Amino acid sequence: MPSFDTVYVGFHAATMVSSIDYDSIKDAAIAVENGHIAWIGPASELPNHDATVVNLGGGWVTPGLVDCHTHLVFGGDRSAEYEMRLQGLSYEVIAKSGGGIVSTVTDTRKASVEELLTSAKKRLQALMADGVTCVEVKSGYGLDLATEEKMLRVARALGDQLSVTLRTTCLAAHALPQEYQGQADAYIDLVCEEIIPTIAKAGLADAVDGFCESIAFSVAQIERVFKTALAHNLPVKLHAEQLSNLGGSGLAARYKALSSDHLEYLSDIDAKAMAAAGTVAVILPGAFFCLKETKLPPIQRLRDLGVPMAIASDSNPGSAPVLSLRLMMSMACTLFGFTPLEALQGVTRHGAQALGLGLSHGQLKVGYAADFVCWDIQKPAELSYWLGGQLVKHRAVSGELT
Ligand code: DI6
Ligand code: FE
């Protein structure tokens, strides 16, 4: 007899194992052993077992949602800047006049570990309440060694204290700190010679990210960051083509990046390079919406090229104060022409792939983590259809209901 720990029944499952449909199972059962899926299939075919059976009482089970791009740890807030933008000032103008990312840096440097942990925990709990079981958290509001380390320690603490799988990313190359004004190359020296090596040695980051944009860093500067990351065995990813086309996504593809994120201004050549490299396109509808961007990312081209598309919240105090990943699925459909199936793939199998977790998370499959959500819905498409509301009935991480 198999030695299952728990068997879940009483739901239909959208396994997301196939790349072309929900790969659903009517009246399904999931057996869990040691936090992993040991068996999944129609309940009528469940092998004999002596494990505890938990009936989830109807609805659909999907893989737990993966939010593969967030900036959840930060001090202060930027609601005043939001009001300025509503009056017509642009994100770039605010950034250039000392607001924007740099103002969050001041607040994050001042904040204690406790303050950062308390505020980030509330935001992460909101994402979790809406179905997230796996999340990435970036640094990038420190821009000095001590504060980048502080942010990443807070991120690791979030993962220890909450029922969530958490990946951390060092985003020291996010913006130029004020003390380095006019000396971007010198700041990149600090990132490459001090910040990344120290953080890598301390095991505080799972990946390295950068912001390739005229208000941030050039392709050549990001390339130095990527070389340093790979020398420390850390995979890379990039914020690219958000506000203009600098060709960061082509660079990301050359360095076999896990993902290139935003992509409104992605060129055809770089889209092809991403397809060839297997770099995931992470689409961030929250920032597009909040900044009232009008240039659409080239979704049809990415689809034609077979580039896996993930969707993430980009949860951050400036361009995307987002607390619901499901709302991002809805926006990806309405604003960008995703299908509800593509939206669910974007926050499950493709989100996991964007974190290098494609072989362990984001699908309901034997051997994968037993991270899943049971939703109060009749059809999987409802996950993109409803704006807001409480659709989560149950949430399991490593096979335990939370
Ligand atoms: N792009 C983003 O969407 C965030 N960072 C980035 O490089 C925004 C960060 C912020 O405005 O605080
Ligand atoms: Fe971002």
Side-chain angles (χ1 to χ4, degrees), residues 67-82 84-85 89-109 111 119-120 123 127 135-143 147-148 151 155 167-177 191 207-218 221-222 225 236-244 246 248-249 252 257-265 280-293 297 310-322 325 328 331 351 354-355:
D67 192 347
C68 67
H69 179 145
T70 86
H71 310 249
L72 281 171
V73 175
F74 57 83
D77 81 278
R78 305 234 296 275
S79 51
E81 179 184 314
Y82 170 64
M84 286 160 74
R85 284 208 317 276
L89 278 180
S90 78
Y91 182 68
E92 282 147 300
V93 165
I94 293 169
K96 281 187 186 133
S97 61
I101 294 173
V102 166
S103 71
T104 299
V105 170
T106 306
D107 290 337
T108 306
R109 287 179 178 176
S119 63
R123 296 187 276 267
L127 290 172
V135 67
E136 183 251 22
V137 179
K138 302 176 194 296
S139 65
Y141 292 122
L143 312 183
T147 318
E148 289 290 306
M151 289 185 71
R167 284 287 174 276
T168 59
T169 299
C170 176
L171 177 57
H174 191 194
L176 192 60
V191 171
V208 168
D209 195 351
F211 189 17
C212 187
E213 195 60 65
S214 57
I215 57 168
F217 299 103
S218 68
Q221 287 160 344
I222 295 292
V225 172
V236 297
K237 56 175 82 175
L238 193 60
H239 286 70
E241 276 70 71
Q242 179 186 7
L243 308 168
S244 62
L246 294 193
S249 299
L258 290 171
S259 68
S260 188
D261 305 27
H262 284 289
L263 307 179
E264 279 81 348
Y265 292 82
V280 176
V282 177
I283 303 299
L284 304 168
F288 176 93
F289 172 80
C290 292
L291 299 183
K292 295 196 196 169
E293 179 60 66
I311 299 166
S313 69
D314 195 15
S315 190
N316 75 66
S319 62
V322 173
L325 187 54
M328 299 303 101
M331 284 188 180
L355 294 181

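These numbers were taken from a predicted model, which means no experiment stands behind them. Residue numbers count from 1 along this sequence. Ligands are counted one by one from 1 in listed order, and the atoms in each one are counted from 1 as well.
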Seminar exercise, completed: Interatomic distance, CG@Leu238 vs CG@Leu263, rounded to 0.5 Å, equals 9.0 Å
For this session: First locate atom CG of Leu355, then atom OG of Ser259, and finally report the distance between them rounded to the nearest 0.5 Å.
Result: 7.5 Å
Need the ligand 1 atom indices (1-based, order shown) with element for anything under 4.0 Å from a heavy-atom of [X].
X: Tyr91; value: 8 (C), 9 (C), 10 (C), 11 (O)
X: His262; value: 1 (N), 2 (C), 3 (O)
X: His174; value: 4 (C), 5 (N), 6 (C), 7 (O), 9 (C)
X: Asn316; value: 3 (O), 4 (C), 8 (C), 9 (C), 10 (C), 11 (O), 12 (O)
X: Gly318; value: 11 (O), 12 (O)
X: His71; value: 4 (C), 5 (N)

Could you check whether [Y] and [X], counting side-chain N and O atoms only, form a donor-acceptor pair closer than 3.5 Å?
X: Glu136; Y: Thr70; result: no
X: Glu293; Y: Tyr91; result: no
X: His239; Y: Asp261; result: no

For this session: Write out the residue and atom name of the closest protein heavy atom to atom 12 (O) of ligand 1, then the distance separating them to 0.1 Å.
Result: Tyr141 OH, 2.6 Å
Seminar exercise, completed: atom 3 (O) of ligand 1 has as its nearest protein heavy atom Asp314 OD2, 2.6 Å
Exercise. Can you name the side-chain contact (heavy atoms from CB on, under 4.5 Å) partners of Ala175, sequence neighbours left out?
Worked result: Ile101, Leu143
Problem set entry | For the Fe ion (ligand 2), the closest N/O/S atom belonging to Asp314 | OD1
Exercise. So which N/O/S atom does His239 have closest to the Fe ion (ligand 2)?
Worked result: NE2
Problem set entry | By ring pair (Phe, Tyr, Trp, His ring centres under 6.0 Å) - contacts of Phe288 (at least two apart) | Phe336
Exercise. What orientation do Phe211 and His262 show, parallel under 30°, tilted 30 to 60°, or perpendicular over 60°?
Worked result: tilted
For this session: May I ask whether Ile101 places a heavy atom under 4.0 Å from ligand 1?
Result: yes
Exercise. Judged by non-hydrogen atoms, does Ser319 sit under 4.0 Å from ligand 1?
Worked result: yes
Problem set entry | NE2 (His69) to the Fe ion (ligand 2) to NE2 (His71) angle, given to the nearest 10 degrees | 100°
Exercise. Pro321 versus Arg78: any side-chain heavy-atom pair under 4.5 Å?
Worked result: no
Exercise. Which is closest to atom 1 (N) of ligand 1 in terms of heavy atoms, Gln242, Glu81, Arg78, His69?
Worked result: Gln242
